[in-house]
Amino acid sequence: MKNMNTKVFAEGIRDGIPIGLGYLAVSFSLGIAAKSAGFTPLQGFIISFLENASAGEYVAFTLIAAGASYFEVFLMTLIANARYLLMSCALSQRFSPDTPFIHRLFIAFDLTDELFGIAIARPGYLSPLYSYGAFLVALPCWAGGTMLGILAGNLLPASIANALSVSLFGMFIAIIIPPAKKDKIVAVLIVISFALSYLSGVIPFIRDISSGTRTIILTLLISGTAAILFPVKEEKTEEKS
């Protein structure tokens, strides 16, 4: 049993290495945004270690830099990270019924898109040790990358730091383009989101609302409308006789 547990843990570390390397590059750009929001390298490391969510952290850093209220930061971070609640529920079904509840909590703590993907793909019951092995690599890389990004932002000239911050937008473009190519509805919604975001910043009265509140309103409006008009159809699986 001990050898089996060691093997599973080692497999988690192995599968977590490429994810960690990717996180290191992405979170470096996130660190540039954190530096613009006034965070120190240590603060950036702690934030990324405790949250580990690119969209959620970017939203938080952007709102903080814009002087948003605590409530705005809380609400937008909650919305940006809401999908992890569903991932946690889905992954919890893959554990053996006798798996202690504390392990389920720890797994949910660092459940990202990529870490969820490699875990859910494993056959049979999922061992917490596998996810812990992946976390051991991925989490420090994510937090360390953010810290290095802030350090680079402090050492590099302002013009170069500002240029590096653009790379984070490239990351989000890389995220939204693939699903937009596969689904025309997603592509149209992305264009609508860009257009409404621009208009909300120029239309009288609406532009006077803080950017954080405008983002919350648009997020709820667009995602809610899309969910009602274009619900995602559940994939039907054939039952084996």
Open item on the list: Nearest 0.5 Å, please: how far is CG in L221 from OG in S200?
Closed with: 11.0 Å
- [ ] First locate atom OG1 of T77, then atom CG of L63, and finally report the distance between them rounded to the nearest 0.5 Å.
- [x] 7.0 Å
Open item on the list: What's the separation between atom OG in S27 and atom CG in L148, rounded to the nearest 0.5 Å?
Closed with: 8.0 Å
Task: Atom of L30, atom of S48 and distance for their closest heavy-atom approach - done: CD2-OG, 4.4 Å
Open item on the list: Side chains of T112 and Y23: any donor to acceptor distance under 3.5 Å?
Closed with: yes
- [ ] Could you give me the CA-CA distance, side-chain angles and deciding distance for L24 and F28, then say whether side chain to side chain contact (heavy atoms under 4.5 Å, CB included) is met?
- [x] CA-CA 6 Å; L24 188 65; F28 182 89; over 6 Å; no
TODO: For residues C141 and G20, report the shortest heavy-atom separation together with the two atoms involved.
DONE: CB-O, 3.2 Å
Task: Closest non-hydrogen atom pair, I150 against T40 - done: CD1-O, 3.4 Å
Task: N81 to G56 - nearest heavy-atom pair and separation - done: OD1-CA, 3.6 Å
- [ ] Examine L85 and I107 and state if one hydrophobic cluster contains both, with Ile, Leu, Val, Met, Phe, Trp and Tyr joined whenever side-chain heavy atoms are less than 4.5 Å apart.
- [x] no
Open item on the list: Between F230 and I228, is there shared hydrophobic-cluster membership here, with clusters defined by ILVMFWY side-chain heavy atoms closer than 4.5 Å?
Closed with: no
Open item on the list: If you define the side chain from C-beta out and look only at heavy atoms, does anything of F45 sit under 4.5 Å from T146?
Closed with: no
Open item on the list: Using the ring centroid of each side chain, check whether Y84 and F116 are separated by less than 6.0 Å.
Closed with: no
TODO: First locate atom CD1 of I222, then atom CG of L218, and finally report the distance between them rounded to the nearest 0.5 Å.
DONE: 5.0 Å
TODO: Quick one: closest heavy-atom pair of V202 and R207, and the distance?
DONE: O-NH1, 3.3 Å
TODO: Is it possible for you to say whether M76 and Y70 belong to one hydrophobic cluster, with membership spreading through side-chain heavy-atom contacts below 4.5 Å?
DONE: no
- [ ] Determine, step by step, whether Y125 and T99 satisfy the side chain to side chain contact (heavy atoms under 4.5 Å, CB included) criterion, reporting the C-alpha distance in whole Å, the side-chain angles of both residues, the deciding distance to 0.1 Å, and the verdict.
- [x] CA-CA 10 Å; Y125 283 133; T99 300; over 6 Å; no
Open item on the list: Tell me whether R104 contacts the main-chain N or O of S92 through its side chain, where contact means a donor paired with an acceptor under 3.5 Å.
Closed with: yes
Open item on the list: Using the rule ring pair (Phe, Tyr, Trp, His ring centres under 6.0 Å), only one of Y132, Y130, F95 pairs with H103; which is it?
Closed with: Y132
TODO: Any chance you could measure L136, atom CG, to L129, atom CG, to the nearest 0.5 Å?
DONE: 11.5 Å
Open item on the list: Tell me if the CZ atom of F109 is crowded by more than 12 foreign heavy atoms within 6.0 Å.
Closed with: yes
Open item on the list: Which heavy atom of P41 sits nearest to which heavy atom of L151, and what is that distance?
Closed with: CG-CD2, 3.4 Å
- [ ] Determine whether I203 and Y198 fall in the same hydrophobic cluster, where Ile, Leu, Val, Met, Phe, Trp and Tyr are linked whenever their side-chain heavy atoms lie under 4.5 Å apart.
- [x] yes
- [ ] Please round to the nearest 0.5 Å and tell me the distance separating atom OG of S197 and atom CD1 of I192.
- [x] 13.5 Å
Task: side chain to side chain donor-acceptor pair (under 3.5 Å) against E11, all qualifying residues, sequence neighbours excluded - done: K7, R122
Open item on the list: Using the side-chain contact (heavy atoms from CB on, under 4.5 Å) definition, which of the options I19, L139, I120 pairs with L115?
Closed with: I19
